[in-house]
Amino acid sequence: MKPMKEYTFWFVVGSQHLYGPEVLETVAARAEEMAKALDASPNIPCRVVYKDTVKTPDEITRVMKEANYDDNCAGVITWMHTFSPSKMWIRGFDLLQKPYCHFHTQYNRNIPNEEIDMDFMNLNQAAHGDREHGFIGARLRMARKIVVGYWQDADVQEQLGSWMRSAVAAAVSRNLRVVRFGDNMRQVAVTEGDKVEVQHKLGWQVNTWPVGQLVDEINKVTEAEVDALMKEYEEKYTIATDNIEAVRYQAKEEIAMERILEREGAGAYSNTFEDLYGMEQLPGLASQRLMEKGYGYGGEGDWKVSAMTHIVKAMTEGPPGGTAFMEDYTYDLEPGKELSLGAHMLEVCPSVAADKPRIEVHPLGIGNRKDPARLVFEGHPGKAIVVSLIDMGGRLRMIVQDVEAVKPIYEMPNLPVARIMWKAMPDLRTGAHAWILAGGAHHTVFSYAATAQMMEDFAEIMGIEFVHITKDTTIEGLKKELFLSDLAWKLK
Ligand code: MN
């Protein structure tokens with residue numbers, strides 16, 4: 001995975017020749033100073049470079065073409081220090097294929113009472129120039145982020161930084177390869193999807209690899225390689241089983257799957273308990289470990305949630321919190337204190353664990369294989385989101401729900417899997433109603449680190465539908481939103 005800091009954003013400042021060289025030199029010098037300050041800020045996760053002060057349609061077109069061509073450029077940020085007539089931008093914007101942010105800021109924080117004269121007004125007119133610039137973004141129906149505020153303020157930089165994470169996620173998405181070991185679980189609807197449409201909209205290359213090939217790879221893993229990995233397990237986790245052979249087999253699966261993923265340049269994979277032909281165990285610990293390293297995973301052949309897990313992990317590189325493949329399992333329906341219990345039959349990423357995970361071995365009722373080793377732990381309390389991507393036929397819909405994880409209210413000593421308990425917004429009954437109304441899957445990406453805003457910006461960049469279930473959601477309001485959205489997407 002390419003580190004977040006290696007992605008670059010181009011700061012492009014618009015102007016025109018009307019002002020004369022002296023003003024333009026001042027604009028360029030200030031823009032460079034601002035880009036350097038943003039680049040150095042801890043609130044900005046990526047590189048920011050001042051690219052140019054563009055003054056003509058040709059200059060604008062050239063810089064947008066270069067942005068498209070440069071693989072390290074993850075997005076373009078524009079700002080109009082002065083006035084830049086926006087018909088000059090049409091050709092360039094028509095060509096731009098990178099995420100775009102209009103940063104509506106100003107070099108000076110305050111109006112200098114004594115010094116202000118018409119020269120000052122002509123130089124410092126973002127309030128004026130950015131309105132002309134905003135019009136062309138609206139007129140061209142561009143997917144765009146608008147960030148407003150003073151460039152040195154932490155909350156403004158954080159907004160910009162958050163959008164950059166979404167833009168990096170777009171770059172990750174457009175380069176993502178997903179390895180499918182086996183097909184989807186038989187007869188399941190929500191894990192299906194149009195892979196051609198998904199590749200067209202999101203860039204994912206989703207293809208299948210035979211389980212037999214994985215078995216060959218597992219058989220090639222040496223005992224010395226397993227010994228080395230077992231040492232790592234002993235350091236990181238509590239080994240709470242006598243069945244060491246089962247743990248060693250998971251180590252083999254981890255090494256074998258990672259080899260195939262590396263060979264194929266893949267960031268995500270799926271498998272299914274219905275196709276474990278030649279394997280001794282369903283990968284549990286092995287999949288949890290790969291997720292901890294940043295790979296996406298989806299059970300039952302769910303390649304959409306797998307890809308999204310990887311993307312959300314890439315998007316949130318750095319800050320703590322964790323991101324996991326998750327499944328809604330069961331409820332506690334105590335009136336006024338309703339909670340969801342999420343887990344999976346094995347595969348929950350330990351990045352969300354509150355404490356040191358335990359390696360345990362228990363029977364698995366499905367899949368008809370040997371007892372698999374898995375990591376068992378509780379998720380930690382905190383605000384989080386759950387994300388589901390579904391194929392509505394003709395379009396993709398992303399559904400995000402705000403949730404609040406709590407310390408599980410029961411010990412559940414006989415539950416042999418990792419678990420998280422949470423309150424769905426606005427409350428369990430309305431929240432579950434809303435989720436079902438929108439068609440959200442039982443599989444989700446559960447993330448403490450990502451925000452709904454990041455997901456919304458990602459959806460806007462990729463041109464897919466976005467539905468957000470919040471503390472303010474009502475069923476009446478959501479019904480209307482979904483109805484209107486259906487009409488709008490039919491017209492697109
Ligand atoms: Mn599942």
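Just follow the structure's listing: the first ligand is 1, and inside any ligand the first atom is 1.
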For this session: For the Mn ion (ligand 1), state how many protein N, O or S atoms fall inside a distance shorter than 2.8 Å.
Result: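 Near the Mn ion (ligand 1), the number of protein N, O or S atoms below 2.8 Å is 4.
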
For this session: Could you check I146, I77, V148 and say which one makes a side chain to side chain contact (heavy atoms under 4.5 Å, CB included) with F103?
Result: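 The side chain to side chain contact (heavy atoms under 4.5 Å, CB included) with F103 is passed solely by I77 among I146, I77, V148.
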
For this session: Please find out if less than 6.0 Å separates the ring center of W209 from that of Y269.
Result: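 Ring centroids of W209 and Y269 are no less than 6.0 Å from each other.
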
For this session: Would you name the heavy atoms of K313 and T323 that are closest together and state the gap between them?
Result: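 Heavy atoms of K313 and T323 come nearest at NZ-O, 2.9 Å.
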
Problem set entry | Side chain to side chain, D402 and K471, heavy atoms closer than 4.5 Å |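 They are not in contact (no side-chain heavy atoms under 4.5 Å apart), so the answer is no.
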
Problem set entry | Y448 side-chain N/O to H380 backbone N/O, donor-acceptor pair under 3.5 Å |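 Yes, the answer is positive, given that a donor and an acceptor are paired below the 3.5 Å cut-off.
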
Exercise. Are the side chain of D275 and the backbone N or O of D183 linked by a donor-acceptor pair below 3.5 Å?
Worked result: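 No; zero donor-acceptor contacts below 3.5 Å.
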
